A.B. asks: 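One structure, as structure tokens, below. Some questions next.
In listed order, ligands and their atoms are each counted from 1. Worth saying up front: this structure is predicted, and the values here are computed from it rather than measured.
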Amino acid sequence: MTETGNKSFDRIRAVFEEAYRIGLGYTDQGKVADYIPELAKANRDDFGISMIDGDLRTLSLGDCEKRFSMQSVSKVILLCAALLHCGFEETFSHVMMEPSGDSFNSILKLDLASNRPYNPMINAGAIETASLISGDLSFGDLLGYARELCADPEICLDEAVYASESKTGDRNRAIVYLLKSKGVLMDEPERTLDLYFRMCSLSVNARSLANLGLVIANGGLDPFTGRRLIPTEHVRTLKVIMFTCGMYDYSGKFSVRVGVPSKSGVGGGLVCAAKGPMGIGLYGPSLDAFGNSKAAVKAMEHISRELELHSFY
Ligand code: GLN
């Protein structure tokens with residue numbers, strides 16, 4: 001019997017239903033991202049929470065089937081792929097593991113303080129991570145890995161988001177060329193950036209993110225097949241980096257208030273790998289000033305408090 005298995009499912013359901021209700025009350029308090037024009041088409045009232053636990057019990061509330069682009073949640077997959085392909089030492093000789101305290105697309109510290117981006121969960125770090133693998137792995141390889149991690153064979157490239165971001169991603173272009181100018185980019189800039197943009201444009205739903213959260217929470221094992229998708233030695237690294245850096249410059253507050261390894265994206269997605277194990281995927285495109293889903297953050301505060309999911313007690 002797993003840890004969450006000891007909690008009555010009625011109790012879990014009641015907590016999630018209340019969290020959903022709380023989250024809905026916040027959707028009108030944020031804004032959908034519009035710096036990638038295609039993302040501005042999202043409906044800011046949408047909200048969904050999906051949960052799956054180690055006994056494969058599931059819950060779906062609200063807009064759980066609706067597809068949206070993964071955006072920065074894909075940084076988790078890029079990091080897993082880089083760790084698998086290059087190993088721990090090589091990966092972290094190119095990117096640090098420190099919270100940056102700056103916004104996700106900041107270029108400041110990269111230029112002033114370091115040749116290595118602060119961590120793989122911000123744009124500069126994920127672009128560097130992409131450059132470690134883009135010469136050897138194709139987008140098809142990464143897509144296959146994403147489908148496995150999310151137990152979702154329907155994940156595909158959202159062509160409209162990909163085109164929109166490729167066209168307007170000047171800040172990311174600045175980052176990739178700054179990395180190149182420092183001599184630290186490991187592949188050709190346009191190929192690196194293309195992989196980064198494609199990964200951001202993967203089309204998922206809250207259910208796919210719940211499955212991803214469960215694989216991470218489950219120590220890297222696919223709960224459906226028992227297959228190992230992430231090596232044990234990488235799972236702790238991943239969880240700690242999600243915990244300390246996954247919510248951009250809101251990571252500290254989120255860790256105090258929620259305390260669950262998580263990663264958000266400006267498409268409105270949030271993946272949480274909670275103890276139990278329990279995977280939680282949320283979708284709410286109305287964002288706060290940090291680029292995190294307003295409703296999802298509020299819902300997770302409630303869920304973590306009521307089900308005692310905080311990593312530290
Ligand atoms: N594709 C987005 C960007 O590069 C991802 C950022 C995010 O989700 N925070 O700007």
Side-chain angles (χ1 to χ4, degrees), residues 30-42 44 67-79 95 99-108 110 117-131 134 139 142 146 155 157-179 185 189-190 192-204 206 208-209 212 241-242 245-251 254 262-272 281-297:
K31 281 196 339 199
V32 301
D34 56 6
Y35 75 100
I36 298 171
E38 196 62 24
L39 298 186
K41 294 184 180 165
R44 109 174 161 159
R67 296 251 158 203
F68 56 91
S69 58
M70 211 175 205
Q71 298 301 329
S72 278
V73 179
S74 67
K75 293 174 166 91
V76 167
I77 297 173
L78 280 174
L79 176 58
V95 60
S100 71
D102 292 327
S103 61
F104 64 82
N105 58 5
S106 176
I107 230 162
L108 262 181
L110 180 60
Y118 263 64
N119 67 71
M121 300 289 118
I122 53 170
N123 290 15
I127 290 171
E128 179 68 26
T129 307
S131 84
S134 53
F139 171 65
L142 273 292
I155 294 182
L157 182 74
D158 184 326
E159 298 278 357
V161 171
Y162 167 63
S164 184
E165 182 160 5
S166 307
K167 207 161 127 198
T168 58
D170 292 336
R171 212 175 162 84
N172 289 322
R173 215 158 258 119
I175 290 174
V176 86
Y177 281 98
L178 182 58
L179 289 165
L185 195 75
E190 291 301 330
T192 301
L193 208 54
D194 190 61
L195 182 63
Y196 172 81
F197 286 152
R198 283 176 188 269
M199 291 304 288
C200 289
S201 308
L202 290 179
S203 168
V204 293
S208 354
L209 296 189
L212 171 62
I241 291 180
M242 288 168 74
C245 310
M247 305 296 285
Y248 321 121
D249 39 340
Y250 188 74
S251 297
F254 188 82
S262 302
K263 181 76 200 91
S264 63
V266 291
L270 178 62
V271 60
C272 304
L282 302 99
Y283 170 56
S286 178
L287 307 180
D288 63 20
F290 304 97
N292 298 317
S293 167
K294 193 100 196 170
V297 167

A.B. asks: With nothing but distance in play, are any N or O atoms of Lys75 less than 3.5 Å from an N or O of ligand 1?
C.D. replies: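 No; every N/O pair is 3.5 Å or more apart.
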A.B. asks: Short question: side chain of Asp102, backbone of Ser106 - any donor-acceptor pair under 3.5 Å?
C.D. replies: no
A.B. asks: List the atom of Ser286, the atom of Lys31, and the distance in Å for their closest heavy-atom pair.
C.D. replies: OG-N, 3.6 Å
A.B. asks: Among all protein heavy atoms, pick out the one at the shortest distance from atom 10 (O) of ligand 1; state its residue, atom name and that distance to 0.1 Å.
C.D. replies: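 Scanning the protein heavy atoms, the shortest distance from atom 10 (O) of ligand 1 goes to Tyr35 OH, 2.6 Å.
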A.B. asks: Give the numbers and elements of all ligand 1 atoms closer than 4.0 Å to a heavy atom of Tyr248.
C.D. replies: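 Within the 4.0 Å cut-off of Tyr248, ligand 1 contributes 7 (C), 8 (O), 9 (N).
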A.B. asks: To the nearest 0.5 Å, tell me how far Leu212 CG sits from Ile155 CD1.
C.D. replies: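 Spacing of CG (Leu212) from CD1 (Ile155) equals 8.5 Å.
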A.B. asks: Could a heavy atom of Asn105 be found less than 4.0 Å from some atom of ligand 1?
C.D. replies: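 Per 4.0 Å heavy-atom rule, Asn105 does not contact ligand 1.
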A.B. asks: Heavy atoms only, cut-off 4.0 Å: how does Cys200 contact ligand 1, side chain, backbone, both, or neither?
C.D. replies: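 Side chain only.
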A.B. asks: For the aromatic rings, using the six-membered ring if either is Trp, is the centroid distance between Tyr248 and Phe104 under 6.0 Å?
C.D. replies: yes
A.B. asks: Heavy atoms only, cut-off 4.0 Å: how does Asn123 contact ligand 1, side chain, backbone, both, or neither?
C.D. replies: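 Contact part for Asn123 vs ligand 1: side chain (C-beta onward).
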A.B. asks: Any N or O of Asn172 that comes nearer than 3.5 Å to an N or O of ligand 1?
C.D. replies: yes
A.B. asks: Of all the heavy-atom pairs spanning Leu202 and Phe139, show the shortest one and how long it is.
C.D. replies: CD2-CZ, 3.6 Å
A.B. asks: Please work out, at 4.0 Å between heavy atoms, whether the side chain, the backbone, both, or neither of Arg171 comes within that distance of ligand 1.
C.D. replies: neither
A.B. asks: Distance check, rounded to the nearest 0.5 Å: Leu195 atom CG versus Glu190 atom CD?
C.D. replies: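 The CD atom of Glu190 is 13.0 Å from CG of Leu195, to the nearest 0.5 Å.
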A.B. asks: Has ligand 1 got any nitrogen or oxygen that is less than 3.5 angstrom from a nitrogen or oxygen of Val266?
C.D. replies: yes
A.B. asks: What's the separation between atom CG in Leu270 and atom NZ in Lys263, rounded to the nearest 0.5 Å?
C.D. replies: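 Spacing of CG (Leu270) from NZ (Lys263) equals 9.0 Å.
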A.B. asks: Do any heavy atoms of Phe197 fall under 4.0 Å from ligand 1?
C.D. replies: no
